[in-house]
There are 2 protein chains.
Amino acid sequence: MRDTPRPDFDLDAFMPYLLNQAAEHVSLGFAATYKADYGLTRTQWRVMANLGRFGAMNAAEICRISHIEKTRVSRAVAQLEAEGYLTRARASDDRRREDLALTEAGRAVFVALGARGMAYQADMAARIGPERFAALEEGLRALIAAYGTSADD
Amino acid sequence: MRDTPRPDFDLDAFMPYLLNQAAEHVSLGFAATYKADYGLTRTQWRVMANLGRFGAMNAAEICRISHIEKTRVSRAVAQLEAEGYLTRARASDDRRREDLALTEAGRAVFVALGARGMAYQADMAARIGPERFAALEEGLRALIAAYGTSADD
DNA sequence: TGTTATTCGTTGCAAATGCAACTATGTCAA
DNA sequence: TTGACATAGTTGCATTTGCAACGAATAACA
């Protein structure tokens, strides 16, 4: 009586569970880098990474691209500005908007962390094998495409 | 001057980023189910899923298996007990330990959500194709194995 | 033009979280 | 036995988070 008349559901093979496990393990590994060396939170790093990769944009665009909640972005931006990593400027054509751009210091951090990120990525590929890595990437993209566009984009 | 003299780092191909995106999309989809219908948080659901799948065990074991922080487990367990989904019993051989087990009500929720989970999973596989789905699963397992065991297990 | 709806970003507040400190129990060895 | 150390689980506290409500600016349109 102590054991379930067990249904077929197996947590070990449940994709949301696997995704979370993998994401957590992998993210924590890299998070240690930018946390220890630059005092950045995950959200702060992601905001910087988007600005670094895609150029200046406003907060709402970052939300749309990264699917980070807008409150979180708002606070991350405030902190990044306080630390001199980005600047905000009211858009002249629409004064609700604030154009965000990395400062030189911010760009430098982005470049440095980008290099670390690529090294981390290479290590990952080596650990599980390049073919598996490629297949994984493709699967993740498919998933994001399948669920991202329909829901909230 | 507004655009980065861009380094090679490409956020779109950064695995931790892809993993987080995918995990978030997919998890939120399923989370809506157990949140809306049973008022469960993600941690609560995961605790129940572990108990349902692996049978009675104590909180520390749940921590080890699921990699959830022990404070979080402690609080989830307290809430689940308050709602009648599980029982705690001091282990007779070691009175520090508390054996946790799902109640009938808890088991019923686990079974119901398990069924939903399988349906959700089937939908995912259909959306991206079974081969990709299988490859994705294999890659995720490899990643978890590669990073999980070394770090904190 | 005036009225209503929408969008951008911030803030208040309650809930969730992480970390360290703590209690209680158990282990090991002198 | 005693004392040092380890483990199970809880609690205090500061930080982070999500959601809803908000003010300001703009769009849409009668």
Side-chain angles (χ1 to χ4, degrees), chain A residues 20 23-25 27-28 31-32 34-36 39-47 50-51 56-83 86-101 151-153, chain B residues 20 23-25 27-29 31-32 34-36 38-47 50-51 56-83 86-101 151-153:
Chain A
N20 274 309
E24 204 157 316
H25 283 306
S27 286
L28 284 186
Y34 52 72
K35 195 171 170 185
L40 296 175
T41 66
R42 178 140 78 198
T43 306
Q44 290 174 331
W45 154 242
R46 286 177 64 178
V47 167
N50 275 287
L51 288 175
M57 65 177 107
N58 62 355
E61 284 176 297
I62 293 180
C63 289
R64 275 189 286 271
I65 293 176
S66 64
H67 302 275
I68 305 174
E69 214 262 334
K70 68 175 180 174
T71 308
R72 236 153 117 185
V73 170
S74 173
R75 285 166 176 147
V77 165
Q79 293 160 331
L80 289 172
E81 185 194 27
E83 295 175 29
L86 64 75
T87 56
R88 337 157 87 151
R90 282 276 161 212
S92 51
D93 58 325
D94 183 343
R95 289 175 31 236
R96 289 173 301 184
R97 262 187 359 230
E98 263 180 349
D99 286 325
L100 307 172
D152 46 340
D153 250 348
Chain B
N20 275 308
E24 204 157 314
H25 282 307
S27 286
L28 285 185
Y34 51 72
K35 195 170 170 187
Y38 298 94
L40 296 175
T41 66
R42 178 140 78 199
T43 305
Q44 290 174 332
W45 155 241
R46 285 177 65 177
V47 167
N50 276 286
L51 288 175
M57 65 177 105
N58 62 355
E61 285 176 295
I62 293 180
C63 289
R64 275 190 286 272
I65 293 176
S66 64
H67 302 277
I68 305 175
E69 214 260 335
K70 69 174 180 174
T71 307
R72 233 154 120 185
V73 171
S74 173
R75 285 167 176 147
V77 165
Q79 293 159 332
L80 289 171
E81 186 195 26
E83 295 175 29
L86 62 76
T87 56
R88 335 156 88 152
R90 283 277 162 210
S92 50
D93 58 325
D94 183 344
R95 290 176 29 238
R96 292 171 300 183
R97 263 186 0 228
E98 263 179 350
D99 286 326
L100 307 173
D152 46 342
D153 251 347

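In what follows, chains carry the letters A, B, and so on, assigned in the order in which the sequence lines appear, proteins first and then strands, with residues in each chain numbered from 1.
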So, does R88(B) use its side chain to make a donor-acceptor pair with the main chain of D99(B) at under 3.5 Å? no
Could you give the CD1-to-P distance, from I68(B) to dA8(D), as a whole number of Å? 16 Å
Looking for any heavy atom pair under 4.0 Å, which part of the strands does R75(A) touch: base, sugar-phosphate only, or nothing? base
Roughly how far, to the nearest 0.5 Å, is the CG atom of N58(A) from the CG atom of D94(A)? 9.0 Å
note: R95(A), atom CZ; dC8(C), atom C1'; distance rounded to Å ~ 13 Å
R88(A) vs dT10(C): side-chain N/O to OP1/OP2 distance below 4.0 Å: yes
Assuming nearest nucleotide by heavy-atom distance, tell me which of K35(B) and K70(B) is located more 5' along DNA chain D. K70(B)
Under 3.5 Å, side chain of R46(B) to main-chain N/O of S66(B), donor-acceptor pair present? yes
D93(B) has an atom CG; how far is it from atom C1' of dT25(C), in whole Å? 12 Å
Without decimals, in angstroms, what is the distance between M57(B) CE and dT7(D) P? 20 Å
How many whole angstroms separate atom CZ of R72(A) from atom P of dG18(D)? 4 Å
Would you kindly compare V73(A) and Q79(B) by the position of their nearest DNA chain C nucleotide and give the one closer to the 5′ end? V73(A)
Taking only side-chain N and O atoms of S74(B), does any of them lie within less than 4.0 angstrom of OP1 or OP2 on dT10(D)? yes
How far does CG of L86(A) sit from CG of L80(A), to the nearest 0.5 angstrom? 5.0 Å
Measure from the side-chain N and O atoms of R97(B) to the backbone N and O of R90(B), and report whether any donor-acceptor pair falls under 3.5 Å. no
Under 4.0 Å between any heavy atoms, over every strand shown, what does R90(B) touch: base, sugar-phosphate, or nothing? Just pick one. nothing
Between atom CZ in R96(A) and atom P in dA27(D), what is the gap in whole Å? 6 Å
Rounded distance in Å - CG (D94(B)) to P (dT23(C)): 19 Å
Please give, in whole Å, the distance from dT10(C) P to I62(A) CD1? 11 Å
